[in-house]
Protein chains: 2
Amino acid sequence: MVMGINGKFPGPTIRVKVGDIVRVDVTNKLNTEGVVIHWHGIKQRETPWSDGTASISQCAIAPGETFTYRFTADKAGTYFYHGHYGMQRSAGLYGSLIVDVADGEKEPFEYDGEFCLLLSDYWHQNVHQQEVGLSSLPFRWINESQSLLMNGRGQYNCSLASRYNESATLPQCEIRGGEQWAPNVLSVFPNRTYRLRIASTTSLASLNLAIGNHKMYVVEADGNYVNRTEVTDIDIYSGESYSVLFTADQIPYDNFWISAGVRARLPQTPQALALLNYIPTPESKFPLSPPPVTPRWDDYGRSKSFALNITAAAGTPRPPKSHERRIVLLSTQNKFNGHSVWAINNVSLSLPVTPYLGAIRYDIKDAYDQTPPPENFPDWYNVSAPPANPNTNVGDGAYVLVNGTTVDIILQNANMLEPGASEVHPWHMHGHDFWVLGYGEGRFAEEDEKRFNLTTAPLKNTAVIFPFGWTALRFVADNPGVWAFHCHIEPHLHMGMGVVIAEGLDQIRAMNVSRDALSCGLTGKMFAAEDARRRN
Amino acid sequence: MVMGINGKFPGPTIRVKVGDIVRVDVTNKLNTEGVVIHWHGIKQRETPWSDGTASISQCAIAPGETFTYRFTADKAGTYFYHGHYGMQRSAGLYGSLIVDVADGEKEPFEYDGEFCLLLSDYWHQNVHQQEVGLSSLPFRWINESQSLLMNGRGQYNCSLASRYNESATLPQCEIRGGEQWAPNVLSVFPNRTYRLRIASTTSLASLNLAIGNHKMYVVEADGNYVNRTEVTDIDIYSGESYSVLFTADQIPYDNFWISAGVRARLPQTPQALALLNYIPTPESKFPLSPPPVTPRWDDYGRSKSFALNITAAAGTPRPPKSHERRIVLLSTQNKFNGHSVWAINNVSLSLPVTPYLGAIRYDIKDAYDQTPPPENFPDWYNVSAPPANPNTNVGDGAYVLVNGTTVDIILQNANMLEPGASEVHPWHMHGHDFWVLGYGEGRFAEEDEKRFNLTTAPLKNTAVIFPFGWTALRFVADNPGVWAFHCHIEPHLHMGMGVVIAEGLDQIRAMNVSRDALSCGLTGKMFAAEDARRRN
């Protein structure tokens, strides 16, 4: 079972132009569940109530109700949209969102055609059961997905790749024609150049994508142009998007595989495959060559090298030379009342009922903890060992940023509960791009700042922290609103791995926040009380 | 997976006394689903917003929110409570609700002890998948349940009864002690008399319950005292409750089985069993006798005979001698845009977003169709054959009753889409008891009214229509509010088998309807607009 949109899974691709005011009416036709849609990578300047984050920017849209999202498409690029309530993204609530350059403008690179590949992972177990398992005692982990999907298509119980591999553990898929799981076919004319827009909305998997026999040139990352970089494959974490160019320069009369396989976790899921079809070769012709092999899951050196090779294209604004505030966020795996959770600076995020945006707009102080969470973690904390005290706290405090300040965030990874273990976490920020100033091993130290890349640091909205490492980000708090900043791995966010950033409180208090977004919690009660006052 | 309450499944038994004002704070801890709780059998006089029916008496309680139900326990008896949103009752959201006589009062029969048995059925398939299947093209029926439960306990993949039956298709359950599925044990002292409070909240199954070797005496039905009737077994449909007395009059040093098995559908689910344990016989002693055999599923003559034997106890108010209005409700199986639905007088109920109670209170006419549904079905309609035109309509109109009028409802069954097929449907009315005036075969005719039982007609809140038959009900519209009246089979209600009764519109408009119940739909928008007006 998946959640679809307008009868489709994934939801329809939305395609707009820079400067468009985009209006999306979302009608919730689910039976009993609320819903919101987040427009991943869109800044939502002056429309923070359209960010589509339940408990942060709005109340969930109740069954039968319609909520209108209105926002400006501010920057050309490859984006996507998805549910941001419970684990509804995992349930299949997502689709592609493409912003083209404005009329009369040109992309800074040329291509003859383009394709979208929205990557995801798929479990047979119902998302509600996954949620319950993650919150249960004993803890039940969701385990690895049954399938990886490209534009909603993947295989189970058979593999397209096993044709090439005698020792394959899965049988070869038998295609009779018309199968819903049949691979996506990307048909190209020989010697033409194409743009492949790749986005990952996986619940869990970090992926590596490659096109058999074809080099790729990365030109865009998270909606930002980057220096054209030749690669054989790309690592893509949940929440990221890339555009790559490739030229159909192989001998025609053959087809080729595009593969996406699991990285950064021991793979237990077959690769997702799509077919690169050279016109006029029949689509049904199996490629002569096997699909590209996904690099070893734990070859983090390769991943770091790929990440470091992504640099901002000329013309990209450079980061301010210094920060006015630094927040260090330590990610730890912990226990709360025996339950497995993730915590940031010893606080596991538990979202309140009243959306922060409404609480701030109407100055309702009871809506969430007015004490912001810690700016750092203690000096004595050893990031290389399991937490000495595994227990943590839950909370819903928010980091408050003064409008216009330059803020550094140091994402600090650490050892998990199990000795010797640390995982990658792709952190996604709402409402902002940030500059990725650098990556490092171990605990971040003051002198590491000297190594920050202040010239070609790429702008992104999602950046990974590597096992036992740190990642340094910088951004300017110039977008009043309340923004989630969180690990984009769905079960990790569900287990508390995120923070809330309240930016420009004075500006929010002067905003005309959409009341349609605030019918729940203390804002809803305020509206009802107002009605009662008028009538009495 | 089941929905629990306060960490329990079924929810905790609530026990109150006549005259108590009952307050229940329901906090929704589900991740993404709304919730309501219906107090099945409670009249909700002067508190119709506490009836707990989503879209009718209130908006669903959103995740994280608390709604306070407050109502008067008006009549002693055996009741239960359950979810009334989507198919959440099927998901396990239910528990027992017992109303004792007021202090100083006595029940009109004596007993030495009592037990509650709340009957239900259980599917392995997630309720959301069931809902999606029922709404899909092609239609996917939920099929028979995997288990029948007594107070939440039942067996799967083994049967307690197979010990007695060499040709059993299921292996015998092996009890090691401490199993969650172990049968309920009802421990009794020899020669004492006990009250067994039996209620059925099944999603689909009609049941028959018997106690091995013991006669039972029915004394209560749906919270109304009935003439003491000796029976060997009782038929109990979803939505019904009965109290029976039995005396532990068998030779001690043995235990006995209490069985509940499927009626009115070809059984594919093993009986639910509980153990009647004669103190001091060890609970672990298997009864010498096999469990009572459930009567043949299609022996409707036996069912009708049981139903007719239930008569009002002396002192029960008699029905008014005549009606002021008659509404005939034809139940048909139909198609709507190819989807399988149930319809009443050619309208399949589809609930609106704004609760009727709020729409009427605030005179919001756009909230639902102001044209009431038909009062009858055409003369030419042949109830003995499949519908000539299988297609029907969906709608959300309400029957409007003038306060104080005596209303007859004739529930008319009919042939389903398949020739020769007709099923039982237990119809449950909110806000009222009704007198069951009679049952008949074929199409109700004017002269059938002469056979109405106007002397000992039992008061009930749930009454069954038998295949190809009719059932005549009478009630006085003396409880202003908006009330659901529907087939208590969960998938049938989900497929539209119900009507809405709006009673005493003028009285509702003067009511102080709880605003907490109305934060959704057009009432929610009204509150928000009011806030905007005040601030501008």
Side-chain angles (χ1 to χ4, degrees), chain A residues 1-4 27-36 54-55 59-60 62-66 83 85-88 91 125-129 131-135 350-354 362 494 512 514-536, chain B residues 1-4 27-36 54-55 59-60 62-66 83 85-88 91 125-129 131-135 350-354 362 494 512 514-536:
Chain A
M1 191 165 70
V2 291
M3 285 194 179
T27 299
N28 180 359
K29 290 282 190 187
L30 300 170
N31 284 299
T32 53
E33 287 183 71
V35 82
V36 295
S55 286
C59 303
E65 309 246 25
T66 297
Y85 188 37
M87 286 175 55
Q88 292 182 343
Q125 189 184 47
N126 182 283
V127 161
H128 294 282
Q129 283 183 272
E131 287 173 342
V132 167
L134 293 171
S135 309
S350 170
L351 290 170
V353 178
T354 310
Y362 293 107
H494 189 73
N512 195 11
S514 167
R515 282 174 180 78
D516 288 350
L518 302 175
S519 60
C520 64
L522 296 175
T523 40
K525 282 197 188 358
M526 179 184 75
F527 295 160
E530 191 55 45
D531 182 80
R533 241 189 320 272
R534 184 181 67 98
R535 287 170 200 270
N536 291 341
Chain B
M1 193 165 69
V2 292
M3 284 193 182
T27 299
N28 180 359
K29 290 281 191 186
L30 301 170
N31 283 300
T32 54
E33 288 184 71
V35 82
V36 296
S55 287
C59 303
E65 310 246 25
T66 297
Y85 188 37
M87 287 175 56
Q88 291 181 345
Q125 190 184 46
N126 182 282
V127 161
H128 294 282
Q129 282 184 271
E131 287 173 341
V132 167
L134 294 171
S135 309
S350 170
L351 291 170
V353 178
T354 311
Y362 293 107
H494 189 74
N512 195 12
S514 166
R515 283 176 179 78
D516 287 350
L518 302 176
S519 60
C520 64
L522 296 176
T523 39
K525 282 196 188 357
M526 180 184 74
F527 295 160
E530 190 55 43
D531 182 79
R533 243 190 319 272
R534 182 182 69 98
R535 287 171 200 268
N536 292 339

Next on the checklist: Can you tell me which portion of B/H128 sits under 4.5 Å from chain A's heavy atoms? Options are side chain, backbone, both or neither.
Outcome noted: both
Next on the checklist: Between A/K525, A/M87, A/H494, who has the most heavy-atom pairs with chain B when the cutoff is under 4.5 Å?
Outcome noted: A/H494
Item to check | Option that, when pairs with chain A are counted at under 4.5 Å, heavy atom only, ranks first among B/G133, B/C59, B/G521 | outcome: B/G521
Checklist entry - Taking all atoms of both residues into account, what is the closest heavy-atom pair of A/D531 and B/Y362, and its distance? => result OD2-OH, 3.8 Å
Checklist entry - Among A/Q129, A/M1, A/E131, A/R515, who wins on heavy-atom pairs under 4.5 Å with chain B? => result A/R515
Item to check | Among B/A60, B/P63, B/S55, B/A62, residue most engaged with chain A (heavy-atom pairs, under 4.5 Å) | outcome: B/P63
